[in-house]
Each structure stands twice: as C-alpha cells, then as structure tokens.
Amino acid sequence: MPARILVTGIPGHYTRLVNGAHGLSVSYAERQKQPETKEEFLQELRNISNTGNYLIGEGALRALSPHAKHVPFWHLYNCAKNGVGLDEFNANFDICVFTCANLLRKGLSADAEADVLEKLKMPIVMLGIGQQNRKDLENNLPEGTKRLLAILKDREHFFLTRGFETEGFLKDQGFKFVRPTGCPSVYFMPDNMRKSLKKLPEVDVSKARTIFSGYLGGNQDTVLDAKALPGGDSVPQYVVQDEFLHFDMSVEPNAEGRVYDTASGTMVGNLAYPGADRLGKPFQVRTFFDTNQWRAWASSMDFNLGRRFHGSIIAMQAGVPSLMVAVDDRMREMLGYTGLPAVDINEIDGAENRSEFVAAHLSKLNASELVDRYSDRERAFRSTLREIGIGQ
C-alpha cells in the first residue's frame, strides 16, 4: 500500500483560491481573483511574500506520488494552536513532506514550524531546505529554529537540501539522512528545462527580447543590465517578485483607479523606483500570481538574464534560454549543485561591456554538457524521492 502523504509548507499558486479548511477538507473558491486596486494587489503579494516561492510548492507536488494531499500550513498551525490538535492528520497520513526554502537563516526563528511539526507524529521530509549564510548560523541560530531541529532529531527524518553547503551544516548537527537534491522547482517541466539549455549558445543578446529580474528599488544592477542589453527595438521586460514589499519600489493607481491588469499581468499604475530615469526605454513591469500565466507569457520571449533564481527557473520551464547572475550565497549554493548556467555578480558588474561579456560567456557554453548534468541531477532527485517512498 502506498504511503499516505501530507504536503504542507511553501504552497503553489493554487492555494490562492483556498477559501476555507476544516479537518482534512480544504475548499476552493470557484472564481479567480482580480486584484487590480492598489490595496488588493499589495494584499495578494503579501499573501505569498515572494511570487517566486509558488514554484517551490508547485514543483514539489508535481514530483510526489499523485495521491499526495496538500494542506495549507496555516490550517495545520491553527489546529495545533486552538485546541483541535492534529490527531486527525496523524491518523490519516503516514509521512509529511514540508516544502521549504532558506529556512536556516539568522533573521528567521522557525517557531511556527516547530509548533506544527512537533505535533505531527510521523516522519518528516524537509524538501528543499537551505541556509542563508553559514557564518551567521555558527553561533546565532534562532531559538525557534534550534527547537525545530531538536524536534526532528527525535524521530525518523529526511533532509533534502538545496545544495552541498546546507548538507554539510546539517550533518555537522548530527543528522543522518541528508541529501543534496536542489530546489524541487528545478525539476518541474524537465523537457522544457533541457530545451532552454540547448538554445543558450545560439542567443543573440543584441537583438533578443529579454526578461530581466532582480531587486529594483534595492539596487540599480538590473537597470544597468537593461541599458547594456537593449534587445534591438524591443521594450525591456521586468518581472516583479517582492519588490513592492521589501524595496524602494512603489506603484500608485492610474486614472481608472487600477495598478494591475490581471489579463496580462502588467502593472498599469504609476511606478517609481530609483534608477528609472537612467533607462532609455523604461521597463514594462509585470507581476504574475499564476505560474501558468507566467510561463505562457515568458514563452514568447527570447532570453532571460536573471538576478533572481526562481524568476529564471520559470523562464527555463517555458523553454526560454536563461543565464543567471549569482548574487548571494544561497543562489551560489543552488547553482553550484545544479550546474545551471550562471555568472558571478562580481564578474558581470565588473565587465567593461556587459553585453559583450554575456555574449562571450554564452558562446563558450557546452549545451550537451549542461543537459547531461541537469539530467543527472533530475534522476538523483527522483531516485531519492522513490527511496523514501514518496516519489512517482
């Protein structure tokens, strides 16, 4: 009999439609949301905090056995805290897959996660767990995260990490089943991922219609990218993930009282962010709350130059050739494990001519080697899930 799998943690975009939960049952609304006013748009963004996170839950659920059941984490947390308890879940599931990201970091105390996972009396699979900065964790691991790790030491557990650095940290903490597998989003739509890798050396960056992602409002790196890669007569495209929440980027309603067009994902309000005046052709800015819409739009583009990991992964899922810029340790860890095409931030930012630098880098890539390494990583990921008893 196959394992009865409970999935929770970081969700996919489908959870936007959840309108209630009771016991084991989760109900979904029949109408799609249309968050077009400023207040509705920002609230929709706050609900996920970073739209790139939707790829994590989506990738995980697709990789697991088809009978796996997703339950929103907030529902489990409410049950754990309001006296109802989690007995019903313990009786109806054999194993829990907890989808996560950079959970091991200085500024996040995993108190809620500890409260829930302590009461789930079953093996836990921490899928996609990563660390922010190993140096920060040596003596400054938050108390809630320390408690979570202590809870997971008390029973059978599985840690599938984003890369080798997190694997080393967890093994140093005494955990036994620790495997680097990468983020589950990397293995969603693998045929298109391979297609994007094969096309990379053929990209003409001087003419390509390019998708950009980064940290508008936090720095001007992406502005400089767009200035260097003008893409002929095309308008540079920028996709938002969390900039309106965490950086100096703002939007105000247009004359119709709207900031967002749900049909196209385009920001139609009045945008402001540092560096906008430096662009000869202003960005057309988009936000996507539905990953299918995001991929469908991305598939019409020629190239992706991304300083965001998931913003680049979704372009690859659409078959678009992508080059990532490794901007921090967590991104370097994921890229170092998967071997996906990337350049370091110091290399591209220090290049005398960014366009020539990118073109030269792409021309030197061996597409066959990239595809082979990706395929090896995909096989290892799926083999590990089957070994645990949760894969297809």
Salt bridge or not between [X] and [Y]? Use side-chain N to carboxylate O under 4.0 Å.
{"X": "Glu118", "Y": "Arg155", "value": "no"}
{"X": "Lys171", "Y": "Glu167", "value": "yes"}
{"X": "Asp242", "Y": "Arg308", "value": "yes"}
{"X": "Glu378", "Y": "Arg382", "value": "yes"}
{"X": "Asp344", "Y": "Arg332", "value": "yes"}
{"X": "Arg258", "Y": "Glu36", "value": "yes"}
{"X": "Asp115", "Y": "Arg147", "value": "yes"}
{"X": "Asp376", "Y": "Arg379", "value": "yes"}
{"X": "Arg354", "Y": "Asp221", "value": "no"}

Looking only at the side chains, is there a donor atom on one of [X] and [Y] sitting less than 3.5 Å from an acceptor on the other?
{"X": "Asp225", "Y": "Thr222", "value": "no"}
{"X": "Thr161", "Y": "Arg179", "value": "no"}
{"X": "Thr291", "Y": "Glu58", "value": "yes"}
{"X": "Asn353", "Y": "Ser355", "value": "no"}
{"X": "Asn102", "Y": "Gln132", "value": "yes"}
{"X": "Asp261", "Y": "Thr266", "value": "no"}

Answer yes or no: are there more than 12 heavy-atom neighbours, outside [X] itself, under 6.0 Å from its atom [atom1]?
{"X": "Asn82", "atom1": "CG", "value": "yes"}
{"X": "Lys146", "atom1": "NZ", "value": "yes"}
{"X": "Lys281", "atom1": "NZ", "value": "yes"}
{"X": "His22", "atom1": "NE2", "value": "no"}

Taking the side chain as C-beta and beyond, is there a heavy-atom pair between [X] and [Y] under 4.5 Å?
{"X": "Val327", "Y": "Tyr215", "result": "yes"}
{"X": "Pro341", "Y": "His361", "result": "no"}
{"X": "Tyr260", "Y": "Thr37", "result": "no"}
{"X": "Tyr273", "Y": "Ser250", "result": "no"}

### Task
Classify the ring geometry between Phe41 and Phe244 as parallel (under 30°), tilted (30 to 60°) or perpendicular (over 60°).
perpendicular

### Query
Hey, is the main chain of Gly23 close enough, under 3.5 Å, to the side chain of Glu88 for a donor-acceptor pair?
no

### Task
Ignoring hydrogens and angles, tell me if any N or O in the side chain of Thr287 forms a donor-acceptor pair with the backbone of Val240 under 3.5 Å.
no

### Task
Begin from the C-alpha positions of Gln241 and Asn50 and carry the test side chain to side chain donor-acceptor pair (under 3.5 Å) through to its verdict.
CA-CA 5 Å; Gln241 291 185 204; Asn50 183 333; 2.9 Å; yes

### Message
Using the side-chain contact (heavy atoms from CB on, under 4.5 Å) definition, which of the options Glu243, Gln284, Arg286 pairs with Tyr238?
### Response
Glu243

### Summary
From the list Tyr337, Tyr187, Phe188, ring-ring contact (aromatic ring centres under 6.0 Å, His included) partner of Phe381 resolves to Tyr187

